[in-house]
Amino acid sequence: MPTTRPRTQVTHTRAVEQALEIARSRWPDESPSALLMHLVVRGGQAIQDEESLKAIDRRAAVDAAVQRLAGVYPDGYLQELRGDWPE
């Protein structure tokens, strides 16, 4: 089918065949090309979701550290420390 979009060829390695079999169980009437498209889209979504969860976990870790360290230094500590620095 003519297209202006780039095309990609995929060799059917064991891992690719296994992924196609898994996809075929969900979409039994689809061609191998369509199955690959499903796998690519679902894989992209899974990676994006995983990255979003990592970002949430990192933010929670930062927030927890902020809570643990709250009150460690008295008010004005940083300004006092900077007062000793040469201009």
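Count residues from 1 along the sequence. Values below: all heavy atoms of this structure, side chains included; hydrogens, waters and symmetry mates excluded.
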*Asks:* Enter the distance from Lys54:NZ to Asp49:CG here, rounded to the nearest 0.5 Å.
*Replies:* 12.5 Å
*Asks:* Going by side-chain hydrogen bond (donor to acceptor under 3.5 Å, both in side chains), name the pairs with one or both residues in residues 71-82, residues two or more places apart or in two chains.
*Replies:* none
*Asks:* Kindly work out whether a path of hydrophobic side-chain contacts (I/L/V/M/F/W/Y, heavy atoms less than 4.5 Å apart) joins Trp27 to Val10.
*Replies:* yes
*Asks:* Can you tell me how far CD of Gln9 sits from CG of Leu36, rounded to the nearest 0.5 angstrom?
*Replies:* 12.0 Å
*Asks:* Given the rule that I, L, V, M, F, W and Y join up when any side-chain heavy atoms are under 4.5 Å apart, are Val72 and Val62 in one cluster?
*Replies:* no
*Asks:* Please report the interatomic distance NE2(His38) to CZ(Arg24), rounded to the nearest 0.5 Å.
*Replies:* 11.5 Å
*Asks:* Between Glu30 and Ala34, what is the shortest heavy-atom contact and its length?
*Replies:* OE1-CB, 3.1 Å
*Asks:* Is it the case that more than 12 heavy atoms not belonging to Gln48 sit under 6.0 Å from its CD atom?
*Replies:* no
*Asks:* What are the two closest non-hydrogen atoms of Leu39 and Leu20, and how far apart are they?
*Replies:* CD1-N, 4.1 Å
